[in-house]
There are 2 protein chains.
Amino acid sequence: MKTDSTPCGTGPKYSRKTADERREALLQAALRCIVRLGVEKSSIRAIADEAGVSVGLINHHYGSKEALVAAAYRHVADDLLSQIESRVAACDGGPRERLSAFIDASFSPVVLNETLFRAWLAFWTLQAQSPEVSAVHKERYGAYRQVLEKLFAQIKGDAEAGAMSPRMAAIGLSGLLDGLWLEWCLEPETFTPAEGIALAERWVETAIDDPGSL
Amino acid sequence: MKTDSTPCGTGPKYSRKTADERREALLQAALRCIVRLGVEKSSIRAIADEAGVSVGLINHHYGSKEALVAAAYRHVADDLLSQIESRVAACDGGPRERLSAFIDASFSPVVLNETLFRAWLAFWTLQAQSPEVSAVHKERYGAYRQVLEKLFAQIKGDAEAGAMSPRMAAIGLSGLLDGLWLEWCLEPETFTPAEGIALAERWVETAIDDPGSL
DNA sequence: TCTCTTGTTGAACGATTGTTCAACACCGGG
DNA sequence: CCCGGTGTTGAACAATCGTTCAACAAGAGA
(Lines give C-alpha, C1' and ligand atoms only; values in the text may rest on other atoms or scores of the structure.)
Protein backbone atom coordinates (compact mmCIF):
# COMPACT_ATOMS: atom_id res chain seq x y z
CA MET A 1 0.00 0.00 0.00
CA LYS A 2 0.97 3.60 0.19
CA THR A 3 3.36 4.95 2.75
CA ASP A 4 3.54 8.60 3.52
CA SER A 5 7.24 8.52 4.31
CA THR A 6 10.45 9.21 2.44
CA PRO A 7 10.49 8.28 -1.21
CA CYS A 8 13.66 6.29 -0.74
CA GLY A 9 11.73 3.36 0.66
CA THR A 10 13.58 2.85 3.93
CA GLY A 11 10.72 4.04 6.14
CA PRO A 12 8.15 1.87 7.93
CA LYS A 13 5.58 0.33 5.63
CA TYR A 14 2.80 1.20 8.04
CA SER A 15 2.26 2.59 11.51
CA ARG A 16 0.60 0.58 14.25
CA LYS A 17 -2.28 2.16 16.09
CA THR A 18 -4.47 1.17 18.99
CA ALA A 19 -7.74 -0.55 18.25
CA ASP A 20 -9.79 2.52 19.20
CA GLU A 21 -7.74 4.86 17.08
CA ARG A 22 -7.97 2.57 14.08
CA ARG A 23 -11.70 2.02 14.52
CA GLU A 24 -12.25 5.78 14.56
CA ALA A 25 -10.07 6.29 11.50
CA LEU A 26 -11.92 3.57 9.62
CA LEU A 27 -15.28 5.07 10.55
CA GLN A 28 -14.25 8.51 9.31
CA ALA A 29 -12.94 7.01 6.10
CA ALA A 30 -16.20 5.11 5.63
CA LEU A 31 -18.16 8.34 6.13
CA ARG A 32 -16.04 10.18 3.58
CA CYS A 33 -16.59 7.36 1.12
CA ILE A 34 -20.33 7.21 1.71
CA VAL A 35 -20.65 10.96 1.30
CA ARG A 36 -18.50 11.09 -1.81
CA LEU A 37 -19.42 7.86 -3.58
CA GLY A 38 -22.71 6.85 -2.01
CA VAL A 39 -23.22 3.72 0.03
CA GLU A 40 -23.66 1.33 -2.86
CA LYS A 41 -20.26 2.27 -4.27
CA SER A 42 -18.48 2.34 -0.93
CA SER A 43 -16.88 -1.06 -1.14
CA ILE A 44 -14.49 -2.51 1.39
CA ARG A 45 -11.66 -1.71 -0.97
CA ALA A 46 -12.75 1.91 -1.48
CA ILE A 47 -13.01 2.49 2.26
CA ALA A 48 -9.69 0.78 2.97
CA ASP A 49 -8.04 2.85 0.25
CA GLU A 50 -9.55 6.03 1.69
CA ALA A 51 -8.18 5.13 5.11
CA GLY A 52 -4.81 4.20 3.63
CA VAL A 53 -4.91 0.67 4.95
CA SER A 54 -5.43 -2.73 3.43
CA VAL A 55 -8.76 -4.47 2.98
CA GLY A 56 -8.23 -6.96 5.77
CA LEU A 57 -8.28 -4.34 8.52
CA ILE A 58 -11.98 -3.63 8.24
CA ASN A 59 -13.09 -7.14 9.03
CA HIS A 60 -10.39 -7.33 11.66
CA HIS A 61 -11.66 -4.29 13.56
CA TYR A 62 -15.39 -4.40 12.79
CA GLY A 63 -16.10 -8.04 12.03
CA SER A 64 -18.10 -7.17 8.95
CA LYS A 65 -18.81 -4.34 6.57
CA GLU A 66 -22.38 -4.13 7.84
CA ALA A 67 -21.20 -3.37 11.37
CA LEU A 68 -18.98 -0.59 10.08
CA VAL A 69 -21.78 0.95 8.02
CA ALA A 70 -24.20 0.77 10.94
CA ALA A 71 -21.69 2.56 13.14
CA ALA A 72 -21.22 5.19 10.45
CA TYR A 73 -24.95 5.79 10.18
CA ARG A 74 -25.35 6.23 13.89
CA HIS A 75 -22.53 8.73 13.79
CA VAL A 76 -24.12 10.72 10.96
CA ALA A 77 -27.56 10.78 12.58
CA ASP A 78 -26.13 11.92 15.89
CA ASP A 79 -24.05 14.57 14.22
CA LEU A 80 -26.89 15.96 12.12
CA LEU A 81 -29.37 16.36 14.95
CA SER A 82 -26.77 17.84 17.28
CA GLN A 83 -25.77 20.32 14.60
CA ILE A 84 -29.36 21.48 14.21
CA GLU A 85 -29.87 21.59 17.94
CA SER A 86 -26.76 23.66 18.46
CA ARG A 87 -28.04 26.23 15.97
CA VAL A 88 -31.36 26.28 17.79
CA ALA A 89 -29.59 26.66 21.13
CA ALA A 90 -27.46 29.48 19.74
CA CYS A 91 -30.61 31.48 19.07
CA ASP A 92 -31.21 33.86 21.94
CA GLY A 93 -34.82 34.63 21.08
CA GLY A 94 -38.02 33.01 22.31
CA PRO A 95 -39.47 29.68 21.17
CA ARG A 96 -40.87 31.23 18.00
CA GLU A 97 -37.44 32.48 17.01
CA ARG A 98 -35.87 29.16 17.90
CA LEU A 99 -38.38 27.42 15.66
CA SER A 100 -37.29 29.68 12.83
CA ALA A 101 -33.70 28.77 13.61
CA PHE A 102 -34.67 25.11 13.34
CA ILE A 103 -36.26 25.72 9.95
CA ASP A 104 -33.29 27.73 8.72
CA ALA A 105 -30.95 24.98 9.83
CA SER A 106 -33.10 22.41 8.04
CA PHE A 107 -32.59 24.26 4.77
CA SER A 108 -28.90 24.93 5.25
CA PRO A 109 -26.38 23.32 2.90
CA VAL A 110 -25.43 20.92 5.68
CA VAL A 111 -28.85 19.30 5.40
CA LEU A 112 -29.79 20.11 1.81
CA ASN A 113 -27.11 17.81 0.57
CA GLU A 114 -27.60 15.19 -2.10
CA THR A 115 -24.87 12.95 -0.78
CA LEU A 116 -26.34 13.07 2.71
CA PHE A 117 -29.68 12.22 1.14
CA ARG A 118 -28.19 9.19 -0.57
CA ALA A 119 -26.81 8.02 2.72
CA TRP A 120 -30.24 8.47 4.27
CA LEU A 121 -31.89 6.51 1.46
CA ALA A 122 -29.58 3.61 2.19
CA PHE A 123 -30.37 3.99 5.87
CA TRP A 124 -34.11 3.75 5.21
CA THR A 125 -33.58 0.77 2.96
CA LEU A 126 -31.48 -1.03 5.55
CA GLN A 127 -34.09 -0.31 8.19
CA ALA A 128 -36.44 -2.87 6.68
CA GLN A 129 -33.85 -5.62 7.09
CA SER A 130 -31.79 -4.74 10.14
CA PRO A 131 -33.46 -4.43 13.57
CA GLU A 132 -30.39 -2.58 14.81
CA VAL A 133 -30.70 0.08 12.13
CA SER A 134 -34.44 0.26 12.73
CA ALA A 135 -33.85 0.94 16.41
CA VAL A 136 -31.44 3.74 15.56
CA HIS A 137 -34.05 5.31 13.29
CA LYS A 138 -36.82 5.16 15.85
CA GLU A 139 -34.61 6.68 18.51
CA ARG A 140 -33.24 9.49 16.35
CA TYR A 141 -36.53 10.37 14.71
CA GLY A 142 -38.32 10.42 18.02
CA ALA A 143 -35.78 12.88 19.35
CA TYR A 144 -36.18 14.99 16.22
CA ARG A 145 -39.94 15.31 16.60
CA GLN A 146 -39.63 15.84 20.32
CA VAL A 147 -37.59 18.99 19.76
CA LEU A 148 -40.27 20.40 17.47
CA GLU A 149 -43.10 19.42 19.78
CA LYS A 150 -41.49 21.16 22.74
CA LEU A 151 -41.00 24.35 20.77
CA PHE A 152 -44.64 24.35 19.68
CA ALA A 153 -45.76 23.66 23.25
CA GLN A 154 -43.75 26.61 24.50
CA ILE A 155 -45.21 28.87 21.83
CA LYS A 156 -48.70 27.74 22.71
CA GLY A 157 -47.95 28.47 26.35
CA ASP A 158 -46.95 31.99 25.46
CA ALA A 159 -49.93 32.67 23.21
CA GLU A 160 -53.43 33.31 24.46
CA ALA A 161 -55.53 31.97 21.61
CA GLY A 162 -56.15 28.30 21.13
CA ALA A 163 -53.95 26.78 18.47
CA MET A 164 -53.19 23.45 16.90
CA SER A 165 -52.01 20.82 19.37
CA PRO A 166 -48.21 20.76 19.69
CA ARG A 167 -48.17 17.13 18.63
CA MET A 168 -50.07 17.71 15.39
CA ALA A 169 -48.17 20.90 14.64
CA ALA A 170 -44.88 19.05 15.10
CA ILE A 171 -45.98 16.13 12.94
CA GLY A 172 -47.09 18.52 10.23
CA LEU A 173 -43.90 20.57 10.27
CA SER A 174 -41.76 17.46 10.44
CA GLY A 175 -43.60 16.02 7.45
CA LEU A 176 -43.36 19.25 5.51
CA LEU A 177 -39.63 19.63 6.21
CA ASP A 178 -38.90 16.02 5.32
CA GLY A 179 -41.04 16.11 2.21
CA LEU A 180 -39.47 19.32 0.93
CA TRP A 181 -36.03 17.97 1.76
CA LEU A 182 -36.83 14.79 -0.14
CA GLU A 183 -38.13 16.58 -3.21
CA TRP A 184 -35.33 19.10 -3.25
CA CYS A 185 -32.69 16.38 -3.08
CA LEU A 186 -34.38 14.45 -5.87
CA GLU A 187 -34.77 17.53 -8.05
CA PRO A 188 -33.09 20.70 -6.79
CA GLU A 189 -34.46 22.85 -9.62
CA THR A 190 -38.04 22.60 -8.35
CA PHE A 191 -37.74 25.29 -5.71
CA THR A 192 -35.11 27.28 -3.84
CA PRO A 193 -34.14 26.79 -0.18
CA ALA A 194 -35.52 30.28 0.49
CA GLU A 195 -38.89 29.22 -0.90
CA GLY A 196 -38.75 26.12 1.26
CA ILE A 197 -38.13 28.24 4.34
CA ALA A 198 -41.06 30.48 3.40
CA LEU A 199 -43.35 27.46 3.06
CA ALA A 200 -42.28 26.07 6.43
CA GLU A 201 -42.72 29.46 8.09
CA ARG A 202 -46.19 29.66 6.62
CA TRP A 203 -47.01 26.33 8.20
CA VAL A 204 -45.83 27.52 11.58
CA GLU A 205 -47.95 30.65 11.35
CA THR A 206 -50.95 28.53 10.45
CA ALA A 207 -50.33 26.16 13.31
CA ILE A 208 -49.99 28.79 16.00
CA ASP A 209 -52.26 31.58 14.80
CA ASP A 210 -55.42 29.93 13.59
CA PRO A 211 -57.83 28.69 16.16
CA GLY A 212 -57.61 25.06 15.25
CA SER A 213 -59.66 21.99 15.70
CA LEU A 214 -56.63 19.74 15.79
CA MET B 1 -43.49 -43.58 -32.63
CA LYS B 2 -41.78 -40.36 -31.69
CA THR B 3 -41.85 -40.58 -27.91
CA ASP B 4 -38.42 -40.66 -26.39
CA SER B 5 -37.10 -42.30 -23.22
CA THR B 6 -38.64 -39.85 -20.77
CA PRO B 7 -41.81 -41.34 -19.35
CA CYS B 8 -43.93 -38.25 -19.38
CA GLY B 9 -43.90 -34.50 -19.86
CA THR B 10 -42.42 -34.36 -23.32
CA GLY B 11 -44.28 -31.17 -24.09
CA PRO B 12 -42.73 -27.94 -25.34
CA LYS B 13 -39.83 -26.67 -23.27
CA TYR B 14 -41.18 -23.15 -23.43
CA SER B 15 -43.93 -21.15 -25.09
CA ARG B 16 -43.23 -18.34 -27.46
CA LYS B 17 -44.95 -15.06 -26.85
CA THR B 18 -45.12 -11.76 -28.64
CA ALA B 19 -42.60 -9.14 -27.68
CA ASP B 20 -45.26 -7.01 -25.96
CA GLU B 21 -46.62 -9.90 -23.92
CA ARG B 22 -43.15 -10.94 -22.80
CA ARG B 23 -42.14 -7.41 -21.95
CA GLU B 24 -45.24 -7.04 -19.81
CA ALA B 25 -44.62 -10.36 -18.05
CA LEU B 26 -41.01 -9.42 -17.33
CA LEU B 27 -42.07 -6.05 -15.98
CA GLN B 28 -44.59 -7.62 -13.61
CA ALA B 29 -42.01 -10.16 -12.46
CA ALA B 30 -39.52 -7.37 -11.84
CA LEU B 31 -42.05 -5.47 -9.77
CA ARG B 32 -42.83 -8.55 -7.67
CA CYS B 33 -39.13 -9.10 -7.08
CA ILE B 34 -38.43 -5.49 -6.18
CA VAL B 35 -41.29 -5.43 -3.70
CA ARG B 36 -40.37 -8.77 -2.13
CA LEU B 37 -36.59 -8.68 -2.20
CA GLY B 38 -35.70 -5.04 -2.67
CA VAL B 39 -33.80 -3.72 -5.67
CA GLU B 40 -30.34 -4.66 -4.53
CA LYS B 41 -31.39 -8.29 -4.29
CA SER B 42 -33.48 -8.26 -7.45
CA SER B 43 -30.82 -9.61 -9.76
CA ILE B 44 -31.34 -10.50 -13.37
CA ARG B 45 -31.46 -14.12 -12.33
CA ALA B 46 -34.04 -13.55 -9.61
CA ILE B 47 -36.32 -11.66 -11.99
CA ALA B 48 -35.88 -14.25 -14.73
CA ASP B 49 -36.65 -16.99 -12.25
CA GLU B 50 -39.74 -15.15 -11.05
CA ALA B 51 -40.93 -14.82 -14.64
CA GLY B 52 -40.08 -18.44 -15.36
CA VAL B 53 -37.70 -17.63 -18.18
CA SER B 54 -33.95 -17.67 -18.64
CA VAL B 55 -31.58 -14.83 -17.89
CA GLY B 56 -30.92 -13.92 -21.50
CA LEU B 57 -34.47 -12.79 -22.16
CA ILE B 58 -34.19 -9.64 -20.10
CA ASN B 59 -31.36 -8.16 -22.08
CA HIS B 60 -33.02 -9.39 -25.24
CA HIS B 61 -36.27 -7.55 -24.59
CA TYR B 62 -35.07 -4.56 -22.60
CA GLY B 63 -31.44 -4.13 -23.60
CA SER B 64 -30.31 -3.77 -20.01
CA LYS B 65 -31.48 -4.29 -16.48
CA GLU B 66 -31.52 -0.55 -15.99
CA ALA B 67 -34.08 -0.15 -18.76
CA LEU B 68 -36.31 -2.79 -17.22
CA VAL B 69 -36.23 -1.15 -13.81
CA ALA B 70 -36.92 2.24 -15.33
CA ALA B 71 -39.91 0.77 -17.16
CA ALA B 72 -41.13 -0.76 -13.90
CA TYR B 73 -40.82 2.62 -12.21
CA ARG B 74 -42.76 4.30 -14.96
CA HIS B 75 -45.45 1.64 -14.75
CA VAL B 76 -45.91 1.99 -10.99
CA ALA B 77 -45.85 5.77 -11.12
CA ASP B 78 -48.33 5.88 -13.98
CA ASP B 79 -50.64 3.48 -12.23
CA LEU B 80 -50.51 5.37 -8.96
CA LEU B 81 -51.14 8.79 -10.46
CA SER B 82 -53.94 7.53 -12.69
CA GLN B 83 -55.59 5.86 -9.72
CA ILE B 84 -55.52 9.11 -7.81
CA GLU B 85 -56.68 11.10 -10.83
CA SER B 86 -59.61 8.78 -11.42
CA ARG B 87 -60.77 9.36 -7.86
CA VAL B 88 -60.40 13.09 -8.39
CA ALA B 89 -62.34 12.90 -11.64
CA ALA B 90 -65.07 10.89 -9.95
CA CYS B 91 -65.68 13.84 -7.65
CA ASP B 92 -68.49 15.94 -9.03
CA GLY B 93 -67.78 18.99 -6.90
CA GLY B 94 -65.71 22.06 -7.67
CA PRO B 95 -61.91 22.34 -7.58
CA ARG B 96 -61.88 22.63 -3.81
CA GLU B 97 -63.76 19.35 -3.44
CA ARG B 98 -61.55 17.70 -6.03
CA LEU B 99 -58.50 18.76 -4.05
CA SER B 100 -60.00 17.06 -1.01
CA ALA B 101 -60.54 13.96 -3.12
CA PHE B 102 -56.86 14.09 -4.08
CA ILE B 103 -55.87 14.29 -0.43
CA ASP B 104 -58.21 11.46 0.55
CA ALA B 105 -56.80 9.30 -2.22
CA SER B 106 -53.26 10.09 -1.05
CA PHE B 107 -54.05 8.61 2.34
CA SER B 108 -55.93 5.59 1.05
CA PRO B 109 -54.49 2.11 1.61
CA VAL B 110 -53.47 1.99 -2.04
CA VAL B 111 -50.90 4.67 -1.36
CA LEU B 112 -50.21 4.14 2.35
CA ASN B 113 -48.59 0.84 1.58
CA GLU B 114 -45.26 -0.34 2.94
CA THR B 115 -44.48 -2.54 -0.02
CA LEU B 116 -45.16 0.33 -2.38
CA PHE B 117 -42.88 2.43 -0.23
CA ARG B 118 -40.08 -0.12 -0.51
CA ALA B 119 -40.42 -0.05 -4.27
CA TRP B 120 -40.26 3.72 -4.17
CA LEU B 121 -37.17 3.66 -1.99
CA ALA B 122 -35.57 1.41 -4.55
CA PHE B 123 -36.42 3.77 -7.39
CA TRP B 124 -35.10 6.77 -5.51
CA THR B 125 -31.87 4.93 -4.84
CA LEU B 126 -31.45 4.03 -8.48
CA GLN B 127 -32.31 7.55 -9.56
CA ALA B 128 -28.93 8.78 -8.37
CA GLN B 129 -27.02 6.40 -10.59
CA SER B 130 -29.30 5.91 -13.57
CA PRO B 131 -30.07 8.83 -15.89
CA GLU B 132 -32.91 6.82 -17.35
CA VAL B 133 -34.62 6.34 -13.98
CA SER B 134 -33.92 9.97 -13.17
CA ALA B 135 -35.69 11.05 -16.34
CA VAL B 136 -38.72 8.96 -15.47
CA HIS B 137 -38.84 10.52 -12.02
CA LYS B 138 -38.68 14.03 -13.39
CA GLU B 139 -41.47 13.36 -15.84
CA ARG B 140 -43.82 11.62 -13.41
CA TYR B 141 -43.23 14.01 -10.53
CA GLY B 142 -43.80 16.95 -12.81
CA ALA B 143 -47.16 15.53 -13.82
CA TYR B 144 -48.02 14.94 -10.17
CA ARG B 145 -47.33 18.51 -9.21
CA GLN B 146 -49.06 19.80 -12.31
CA VAL B 147 -52.32 18.24 -11.21
CA LEU B 148 -52.09 19.96 -7.84
CA GLU B 149 -51.06 23.26 -9.37
CA LYS B 150 -54.02 23.29 -11.73
CA LEU B 151 -56.45 22.61 -8.91
CA PHE B 152 -54.99 25.46 -6.86
CA ALA B 153 -55.13 27.75 -9.89
CA GLN B 154 -58.80 26.94 -10.42
CA ILE B 155 -59.55 27.61 -6.78
CA LYS B 156 -57.71 30.88 -6.96
CA GLY B 157 -59.71 31.77 -10.05
CA ASP B 158 -62.92 31.17 -8.19
CA ALA B 159 -61.92 33.13 -5.12
CA GLU B 160 -61.68 36.90 -5.01
CA ALA B 161 -59.02 37.42 -2.39
CA GLY B 162 -55.34 37.07 -3.17
CA ALA B 163 -53.89 33.76 -2.09
CA MET B 164 -50.65 31.88 -2.25
CA SER B 165 -49.42 31.33 -5.79
CA PRO B 166 -50.63 28.02 -7.22
CA ARG B 167 -47.05 26.93 -7.77
CA MET B 168 -45.99 27.45 -4.15
CA ALA B 169 -49.23 26.00 -2.83
CA ALA B 170 -48.71 22.89 -4.94
CA ILE B 171 -45.07 22.52 -3.90
CA GLY B 172 -46.07 22.85 -0.28
CA LEU B 173 -48.91 20.36 -0.47
CA SER B 174 -46.82 17.95 -2.48
CA GLY B 175 -44.03 18.16 0.10
CA LEU B 176 -46.43 17.74 2.99
CA LEU B 177 -48.13 14.72 1.41
CA ASP B 178 -44.83 13.08 0.52
CA GLY B 179 -43.30 13.80 3.91
CA LEU B 180 -46.28 12.43 5.80
CA TRP B 181 -46.35 9.41 3.52
CA LEU B 182 -42.66 8.83 4.14
CA GLU B 183 -42.93 9.11 7.89
CA TRP B 184 -46.05 6.98 8.07
CA CYS B 185 -44.43 4.18 6.05
CA LEU B 186 -41.30 4.30 8.21
CA GLU B 187 -43.27 4.31 11.46
CA PRO B 188 -47.06 3.85 11.11
CA GLU B 189 -47.69 4.33 14.83
CA THR B 190 -46.79 8.00 14.70
CA PHE B 191 -50.14 9.26 13.39
CA THR B 192 -53.31 7.97 11.76
CA PRO B 193 -54.31 8.48 8.13
CA ALA B 194 -57.24 10.58 9.34
CA GLU B 195 -54.83 12.89 11.14
CA GLY B 196 -52.76 13.11 7.99
CA ILE B 197 -55.81 14.15 6.00
CA ALA B 198 -56.63 16.80 8.58
CA LEU B 199 -53.09 18.20 8.35
CA ALA B 200 -53.20 18.35 4.57
CA GLU B 201 -56.62 20.01 4.62
CA ARG B 202 -55.28 22.57 7.02
CA TRP B 203 -52.51 23.37 4.56
CA VAL B 204 -54.99 23.84 1.74
CA GLU B 205 -57.08 26.23 3.83
CA THR B 206 -53.96 28.19 4.66
CA ALA B 207 -52.89 28.35 1.06
CA ILE B 208 -56.19 29.59 -0.35
CA ASP B 209 -57.64 31.66 2.46
CA ASP B 210 -54.82 33.75 3.81
CA PRO B 211 -53.71 36.70 1.81
CA GLY B 212 -50.20 35.51 1.13
CA SER B 213 -46.93 36.98 0.07
CA LEU B 214 -45.88 33.84 -1.76
C1' DT C 1 -44.66 -31.92 -44.12
C1' DC C 2 -40.85 -28.85 -44.61
C1' DT C 3 -38.77 -24.35 -44.05
C1' DC C 4 -37.68 -20.18 -42.18
C1' DT C 5 -38.19 -16.61 -38.92
C1' DT C 6 -37.40 -15.41 -34.43
C1' DG C 7 -38.35 -15.87 -29.49
C1' DT C 8 -35.71 -18.35 -26.19
C1' DT C 9 -32.04 -20.76 -23.88
C1' DG C 10 -28.12 -21.12 -20.64
C1' DA C 11 -23.25 -21.75 -20.36
C1' DA C 12 -19.51 -18.70 -20.32
C1' DC C 13 -17.22 -14.35 -19.25
C1' DG C 14 -15.11 -10.58 -16.86
C1' DA C 15 -15.83 -7.49 -13.26
C1' DT C 16 -16.72 -6.80 -8.58
C1' DT C 17 -18.27 -7.96 -4.11
C1' DG C 18 -17.23 -9.29 1.21
C1' DT C 19 -14.45 -12.40 3.64
C1' DT C 20 -10.46 -15.24 5.03
C1' DC C 21 -5.89 -16.25 6.80
C1' DA C 22 -1.04 -17.34 6.58
C1' DA C 23 2.70 -14.46 6.33
C1' DC C 24 4.70 -10.19 7.57
C1' DA C 25 6.64 -6.28 10.25
C1' DC C 26 6.27 -2.74 13.76
C1' DC C 27 7.41 -1.79 18.43
C1' DG C 28 7.68 -2.19 23.44
C1' DG C 29 9.58 -5.05 27.07
C1' DG C 30 13.24 -8.42 28.09
C1' DC D 1 20.15 -6.04 21.08
C1' DC D 2 16.73 -9.25 20.09
C1' DC D 3 12.35 -11.25 20.78
C1' DG D 4 7.49 -12.08 20.90
C1' DG D 5 2.74 -10.32 20.49
C1' DT D 6 -0.13 -8.32 17.72
C1' DG D 7 -1.62 -4.81 14.44
C1' DT D 8 -1.36 -5.16 9.52
C1' DT D 9 -0.94 -6.90 4.92
C1' DG D 10 -2.74 -8.47 0.41
C1' DA D 11 -3.22 -12.47 -2.45
C1' DA D 12 -6.59 -15.85 -2.80
C1' DC D 13 -11.32 -17.33 -2.56
C1' DA D 14 -16.16 -18.14 -3.33
C1' DA D 15 -20.27 -15.84 -4.46
C1' DT D 16 -22.73 -12.91 -7.30
C1' DC D 17 -23.38 -9.40 -10.54
C1' DG D 18 -24.96 -7.83 -15.64
C1' DT D 19 -23.98 -9.02 -20.17
C1' DT D 20 -23.05 -11.76 -24.35
C1' DC D 21 -23.97 -14.96 -28.08
C1' DA D 22 -23.93 -19.29 -30.53
C1' DA D 23 -27.13 -22.82 -30.53
C1' DC D 24 -31.71 -24.41 -30.03
C1' DA D 25 -36.68 -24.93 -30.88
C1' DA D 26 -41.52 -23.23 -31.30
C1' DG D 27 -44.88 -22.10 -34.45
C1' DA D 28 -46.79 -19.92 -38.57
C1' DG D 29 -46.74 -19.92 -43.53
C1' DA D 30 -45.56 -22.46 -47.84
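Values below: every heavy atom of this structure, side chains too, minus hydrogens, waters and symmetry copies. Every chain is numbered from 1 and lettered A, B, ... according to where its sequence line falls, protein lines coming before strand lines. For clarity, every value in this text was computed on a predicted model and none was experimentally measured.
What separates CZ of A:Arg23 from P of D:dG7 is a distance of 13 Å, to the nearest Å. The distance from atom CG of B:Asp20 to atom P of C:dG7 is 11 Å, rounded to the nearest whole Å. One atom, CG of B:Asn59, and another, C1' of C:dG7, lie 15 Å apart when rounded to the nearest Å. Distance CD1 (B:Ile44) to P (C:dG10): 16 Å, rounded to an integer number of Å. Between B:Lys17 atom NZ and C:dT9 atom P there is a gap of 11 Å when expressed in whole angstrom units. Taking atom NE2 of residue A:His61 and atom C1' of nucleotide C:dT20, one finds them 16 Å apart after rounding to whole Å. To the nearest angstrom, P of C:dT6 lies 17 Å from CD of B:Glu21. Taking atom NZ of residue B:Lys41 and atom P of nucleotide D:dC17, one finds them 7 Å apart after rounding to whole Å.
For D:dG7, the OP1/OP2 oxygens have no side-chain nitrogen or oxygen of A:Arg22 closer than 4.0 Å. Side-chain N/O atoms of A:Ser54 include none lying less than 4.0 angstrom from OP1 or OP2 on D:dG10. OP1 or OP2 of C:dC21 has not a single side-chain nitrogen or oxygen of A:His60 nearer than 4.0 Å.
Across all strands, B:Ser64 comes closer than 4.0 Å only to sugar-phosphate atoms, never to a base (heavy-atom distances).
Minimum atom distance to the side chain of B:Leu57 is reached by C:dT9, of the listed C:dT9, C:dC27, C:dT19. Listed nucleotides C:dT19, C:dG10, D:dG18 differ in distance to B:Arg45; the shortest reach to its side chain belongs to D:dG18. Nearest nucleotide to the A:Lys65 side chain, out of D:dT8, C:dT19, C:dT8: C:dT19. Counting only heavy atoms from C-beta on, B:Ser15 has its side chain closest to D:dG27 among C:dT20, D:dG27, D:dT8.
If you find the closest nucleotide of DNA chain D to B:Lys13 and to B:Val39, the one lying nearer the 5' end belongs to B:Val39. Of the residues near DNA chain C, B:Gly56 and A:Ile58, the one whose nearest nucleotide (by heavy atom distance) lies more toward the 5' end is B:Gly56.
For A:Tyr144 and A:Phe102, the gap between ring centers is short of 6.0 Å. Side-chain rings of A:Phe117 and A:Phe123 stay apart, their centers remaining 6.0 Å or farther from each other.
Once rounded to the nearest 0.5 Å, the distance linking CZ of B:Phe107 with CZ of B:Phe191 reads 6.0 Å. From A:Ile197, atom CD1 reaches atom CG of A:Asp104 across 4.5 Å, with rounding to the nearest 0.5 Å.
Between the side chain of B:Arg16 and the base of C:dT6, at least one donor-acceptor pair of N or O atoms lies under 3.5 Å.
Salt bridge absent: B:Arg167 and B:Glu149 never bring a charged side-chain N and a carboxylate O closer than 4.0 Å.
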